[in-house]
Amino acid sequence: DVLFVSGMSLAFLAASATSFLTNSVEQPNILLFFPDEFRYDWGPLGYYNTTDLPLFTPNFQQLAETGVRFTRAFVGAPVCAPSRACLASGRQYDQNTVPENFHNDFDPTVTTFYKVLRDVGGYHTMVTGRDDLDKSSGGPGDDGSKHSIELGFSDQIRCDGSTDVTRGGQPHEPFGFWLKSQPVPNASIAKRYNVSDLFDLQAARFAELGKKRPGDRDGPFGSYAIPDPMPLPDAAYQDNWIGNSALTLLKRRPLTKPFFLLASHQAPHPPMDITKSMMESNGLRSRMFPQPVLNTPIPPREVMMGRQNYAAKIERLDYWLGQYKALLAEQGALNSTIICLCSDHGEMLFDRGVTAKSKPWSSASSVPLVCSGPQLSRGVTSTDAVSTVDLAPTFLDFAGVLNHAPPNMSTMSLKNVLTSASSAPMRKIVHFGLDNFRGVVETINVTHTLKFFCCNGGCPGSTPADKAGFSNSQDEYHLFNIVSNRFELPPLDLRKAYPELVAKYAGMLPSPHQTPANPNSSIPAQGHGYIWQGCDLQG
């Protein structure tokens, strides 16, 4: 199942596009349920093999109970566009041309695994929601179709995400145009915000959340501790629109072909703005969630409200997975569909006194990963470190077209782990990185999974305790056993006790370089300052 492709030309790939499969293995349908900003320890069955959080997610739970759950899955890069570029291409962060969210679209001339599934595997490939592959140039376009064919999709209902939907004050993608077409149903709300349609109401709400209010700590990107429900109706909650769009795609697909669907949801990405019905569900405000680690500046009440809203968003996602499964069952396709739950990155959620992503700490860099379906083991929990980048060859492997993977795909299939409970992942070292930091994770045995990361000029999200011992001119680096220290607490940092391991893992990080510019002349390479300088352990 190890993917190592060399010397394969794109011409060969194109020549294979009409041949489809010659093997006799039936190809499963594949549904990749892909929330945005879903942290690892809030996934199904929690971090341990119990329901250790007061979450109501029966569909996620069932997925874990009937499939394979990875408790230590890391993303290629803990922010939206780079992580999704890693997933689409099957390439590590430093082999992609998307350094961060606002520099360089994904190069549509790079062959994605979606394209191989469609053109070689004969799959009907679909995407809905925010795939973020055209993020830096303004999103997927008025009808959502920008580069969709080149990226490998047969059908799509795409959109921007979050505050990008109302960027510029005018609709520029399908969800925004739908909002603009809908009148505000409540006259008092229309009067209060001085708007007549849902697009302008959403823009006004985002502006409202961007202002400092008593108790708010967040900047202009929105708020976490939002006490009041969003003023828009349930239909205008973006994940409901995405969910209905996914159902539309599944209903209009050709039933004679296997399908792949990327259901790329917006939640639980901030702002943590939820509807009235979500806020009233299952006694949300009475539920107590664990307080974050190493949080000193943010009041516990505000933290709790933000975490409650985050939970409500996760529970709405669970509802939509249930809707997808119900439709597939009605179509007679559920038992032939592999369903995987994953995310592009996590969310600090006030750990270390910060929110959002783009940080090396596991709250941001680790996500849930659960797969269930035909051929897969049932009720298995894997504690080995894995990379979500490896989903690309995994899906090609199940489709029977792994030997047609594009050149330079640097990832390895997880099929052996998913189908055999006794198998270990082929990848021994998991890499991740972004901007000024790079890291590796290695599972040694059941009691030791070591995580090392190094940050040029200091690690984002570090507390004073994390930074102790480093001068401002030094690279900051850390070594943790995330089995016994899953929140990477400073007193249990192993960097001083095991300098030989620090040197070993530092030697596995990339050599100094700048993320390459996008080579496609039709997508201008935008200048950026993200130059990885290597890891200097001496300072």
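These numbers come from the heavy atoms of this one structure, side chains and all, not from hydrogens, waters or symmetry mates.
- For the atom pair CD1 of I242 and OG of S264, the computed distance is 7.0 Å after rounding to the nearest 0.5 Å.
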Criterion side-chain contact (heavy atoms from CB on, under 4.5 Å) on V75 and C86, from CA distance to verdict: CA-CA 9 Å; V75 298; C86 291; over 6 Å; no

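- In summary, the side chains of S462 and E476 do present a donor paired with an acceptor at a separation below 3.5 Å, with no hydrogens or angles considered.
- F289 meets the ring-ring contact (aromatic ring centres under 6.0 Å, His included) test with W42; sequence neighbours excluded.
- Salt-bridge formation is detected for the pair E488/K451: a Lys NZ or Arg NE/NH1/NH2 atom is positioned less than 4.0 Å from an Asp or Glu carboxylate oxygen.
- Partner of R84 under the side-chain hydrogen bond (donor to acceptor under 3.5 Å, both in side chains) criterion, out of D344, N96, D131: D344 alone.
- Exactly one of T383, T443, N481 qualifies for a side-chain hydrogen bond (donor to acceptor under 3.5 Å, both in side chains) with T449. That residue is T443.
- Residues satisfying the salt bridge (Lys or Arg N to Asp or Glu O under 4.0 Å) test with D318, not counting sequence neighbours, are none.
- Among T394, L396, L391, the one residue that satisfies the side chain to side chain contact (heavy atoms under 4.5 Å, CB included) test with F113 is L396.
- Other residues, nucleotides and ligands contribute more than 12 heavy atoms inside 6.0 Å of the CG atom of N445.
- In summary, of the residues considered (T97, T112, D134, D132), a side chain to side chain contact (heavy atoms under 4.5 Å, CB included) with F106 occurs for T112 alone.
- Scanning for disulfide bond (SG atoms under 2.5 Å apart) contacts around C459 gives C455, with sequence neighbours left out.
- Each of R130, K313, K357 was evaluated against D36; a single residue qualifies, R130, per the salt bridge (Lys or Arg N to Asp or Glu O under 4.0 Å) test.
- Under a cut-off of 6.0 angstrom, the local environment of OH in Y498 is sparse, with at most 12 non-hydrogen atoms contributed by other residues, nucleotides or ligands.
- Aromatic pair F38/H269: centroids not less than 6.0 angstrom apart.
- Salt-bridge check for D351 with R307: passed, with a basic side-chain N closer than 4.0 Å to an acidic carboxylate O.
- For E347 against A356, the heavy-atom pair with the smallest separation is OE2-N, 2.7 Å.
- No side-chain heavy atom of L494 sits under 4.5 Å from any side-chain heavy atom of N485.
- Residues Y477 and Y505 keep their aromatic ring centres 6.0 Å or farther apart.
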Working for side-chain contact (heavy atoms from CB on, under 4.5 Å), residues L349 and T355: CA-CA 5 Å; L349 208 58; T355 55; over 6 Å; no

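- S387 and D390 share no side-chain donor-acceptor pair at under 3.5 Å.
- With values rounded to the nearest 0.5 angstrom, C371 atom SG is found 5.0 Å from L418 atom CG.
- The heavy-atom pair separating S162 from P270 by the smallest distance is OG-O, 3.1 Å.
- Using cut-offs of 30° and 60° on the angle between ring planes, the pair F480 and F453 is tilted.
- With rounding to the nearest 0.5 Å, the separation of CD1 in I482 from OG in S366 is 6.5 Å.
- Evaluation of the disulfide bond (SG atoms under 2.5 Å apart) rule for C80 yields no partner, not counting sequence neighbours.
- Of the N and O atoms on the side chains of R285 and Q308, at least one donor lies less than 3.5 Å from an acceptor on the other residue.
- Below 30°, between 30° and 60°, or above 60°: for Y114 and F260 the angle between ring planes is between 30° and 60°, a tilted geometry.
- Ring planes of F470 and H478: perpendicular class, angle over 60° (limits at 30 and 60°).
- In terms of the salt bridge (Lys or Arg N to Asp or Glu O under 4.0 Å) criterion, residue partners of D273 (sequence neighbours excluded) are, by chain and number, R205.
- Classified by interplanar angle (parallel below 30°, tilted 30° to 60°, perpendicular above 60°), the ring pair F60/F33 is perpendicular.
- Contact check for S362 versus R486: no side-chain heavy atoms found under the 4.5 Å cut-off.
- Residues E442 and K504 are paired through a salt bridge, judged by an N-O separation under 4.0 Å between the basic side chain and the carboxylate.
- Annotation for Q375 and T419: closest pair O-CG2, 3.2 Å, computed over non-hydrogen atoms.
- Partners of K467 according to the salt bridge (Lys or Arg N to Asp or Glu O under 4.0 Å) rule, which considers only residues two or more places apart in sequence or in another chain, do not exist here.
- A donor-acceptor pair shorter than 3.5 Å cannot be found between the side chains of W320 and N59.
- D164 has a carboxylate O that lies under 4.0 Å from a charged side-chain N of K135, or vice versa, which qualifies the two as a salt bridge.
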Starting from the C-alpha separation in whole Å, work towards a yes-or-no answer on side chain to side chain donor-acceptor pair (under 3.5 Å) for D105 and S136. CA-CA 5 Å; D105 284 348; S136 75; 2.9 Å; yes

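- Within the 4.5 Å cutoff, side-chain heavy atoms of V483 are placed close to those of R72.
- Put simply, the side chain of L261 does not reach to within 4.5 Å of the side chain of L32, judged on heavy atoms.
- Taking 4.5 Å as the limit, every side-chain heavy atom of V441 sits out of range of all side-chain heavy atoms of I429.
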